[in-house]
Amino acid sequence: MKAGVLGLGWALSAGALAAPCLPAADLIERDRQYEEALRVGDVAFLDRWLADDYVWVHNLASQTEDKAAVLARSKQPAVVHKSRTTGDVHAHVSGDTVVLRGLSTVEQWNADGKTWRANRYQFMRTYVNVGGQCKLLSVQTMKVWSSPAGE
């Protein structure tokens, strides 16, 4: 009897460990918070949210950043964008891993401070369960569209 109860307990805890980070809708909302944290340089949020071995591969592998690089850049952002928004986001779940894919639009102020331009990126972000906490492990972005500079 005890062996059966212990086995059931182990099976339930193993199932919990294999559960995805968050329900998809909650993860998509938290992912929007990640975009905002990047926009304003919220280092505390990024430090909690990014996995220790996080990696971001930018457009056509033009740049690769790890967690330390993103945190350092966020501490002293060269620019604060007008906005960072996502859309058409889809969640793909496999075990305790969730991959989000969608479009991210980054609006950046022009030098006049009154007009802006936009860049749109296709993204894939991989979230994993690390010790019961959802962490962003990797990001890959590819630019798919840019507005004229004087919009």
Side-chain angles (χ1 to χ4, degrees), residues 12-151:
L12 290 173
S13 64
L17 291 176
C21 290
L22 297 167
D26 294 344
L27 185 57
I28 290 169
E29 178 54 36
R30 185 63 63 93
D31 190 72
R32 286 188 179 106
Q33 293 172 9
Y34 162 75
E35 285 279 0
E36 180 65 8
L38 287 174
R39 186 184 81 78
V40 300
D42 186 344
V43 175
F45 178 89
L46 294 170
D47 191 36
R48 285 189 312 273
W49 192 235
L50 304 181
D52 289 341
D53 50 352
Y54 165 91
V55 64
W56 181 353
V57 179
H58 292 266
N59 193 53
L60 299 175
S62 62
Q63 181 182 10
T64 301
E65 292 180 292
D66 62 9
K67 181 177 180 176
V70 169
L71 294 178
R73 180 168 52 88
S74 296
K75 285 179 185 173
Q76 297 182 333
V79 63
V80 175
H81 295 98
K82 179 181 181 292
S83 69
R84 293 182 71 103
T85 58
T86 58
D88 198 26
V89 180
H90 303 274
H92 304 271
V93 180
S94 179
D96 62 352
T97 301
V98 181
V99 175
L100 295 183
R101 68 176 170 86
L103 295 171
S104 175
T105 302
V106 179
E107 294 180 329
Q108 183 174 341
W109 293 106
N110 290 321
D112 65 11
K114 297 176 185 170
T115 60
W116 65 88
R117 62 188 179 279
N119 294 307
R120 184 163 297 137
Y121 301 89
Q122 177 78 43
F123 69 82
M124 290 186 74
R125 297 187 184 119
T126 303
Y127 289 91
V128 295
N129 184 334
V130 178
Q133 294 185 341
C134 189
K135 298 285 186 171
L136 178 53
L137 178 64
S138 65
V139 176
Q140 183 164 7
T141 53
M142 181 176 293
K143 188 183 286 185
V144 294
W145 177 83
S146 293
S147 69
E151 204 172 276

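Residue numbers run from 1 in the order of the sequence given.
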Please report the interatomic distance [atom1]([X]) to [atom2]([Y]), rounded to the nearest 0.5 Å.
X    : Y    : atom1 : atom2 : value
F123 : D88  : CZ    : CG    : 9.0 Å
Q140 : N59  : CD    : CG    : 9.5 Å
R125 : S104 : CZ    : OG    : 5.5 Å
D52  : L137 : CG    : CG    : 10.5 Å
L46  : L136 : CG    : CG    : 9.5 Å
E107 : N119 : CD    : CG    : 10.0 Å

Apply side chain to side chain contact (heavy atoms under 4.5 Å, CB included) to residues D96 and V128 and explain how you reach the verdict. CA-CA 6 Å; D96 62 352; V128 295; 5.8 Å; no

Go through the steps to decide whether Y34 and R84 satisfy the test side chain to side chain contact (heavy atoms under 4.5 Å, CB included), and finish with yes or no. CA-CA 10 Å; Y34 162 75; R84 293 182 71 103; over 6 Å; no

Heavy-atom donor-acceptor pair, [X] side chain to [Y] backbone, under 3.5 Å:
X    : Y    : result
S74  : V70  : yes
K67  : D47  : yes
Q122 : G102 : yes
K135 : R48  : yes
S147 : A118 : yes

Quick check: closest heavy atoms across [X] and [Y], and the distance to 0.1 Å?
X    : Y    : value
P148 : R117 : O-CB, 3.7 Å
C21  : N129 : SG-N, 3.6 Å
M124 : V99  : CE-CG1, 3.6 Å
V80  : W109 : O-CD1, 4.0 Å
V43  : L71  : O-CD2, 3.8 Å

Does atom CG of D112 have more than 12 heavy-atom neighbours from other groups under 6.0 Å away?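 It does: D112 CG has more than 12 such atoms within range.
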
Centres of the Y127 and W49 rings: under 6.0 Å?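 Between W49 and Y127, which both carry aromatic rings, the centre distance is below 6.0 Å.
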
Go through the steps for T105 and L103 under the test side chain to side chain contact (heavy atoms under 4.5 Å, CB included), then give the verdict. CA-CA 7 Å; T105 302; L103 295 171; 5.5 Å; no

Between E36 and R39 (salt bridge meaning N to carboxylate O under 4.0 Å), is one present in this structure?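 Looking at E36 and R39, the cut-off is met.
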
Do L38 and W56 have side chains that approach each other closer than 4.5 Å (heavy atoms only, starting at C-beta)?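 In short, these two side chains touch, coming nearer than 4.5 Å.
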
Checking L27 against C134 for the side chain to side chain contact (heavy atoms under 4.5 Å, CB included) test, could you report, in this order, the C-alpha distance in whole Å, the side-chain angles of both residues, the deciding distance, and whether it holds? CA-CA 9 Å; L27 185 57; C134 189; 3.8 Å; yes

Mind telling me whether H92 and H90 have parallel, tilted or perpendicular rings, with 30° and 60° as the class edges?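 H90 and H92: tilted rings.
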
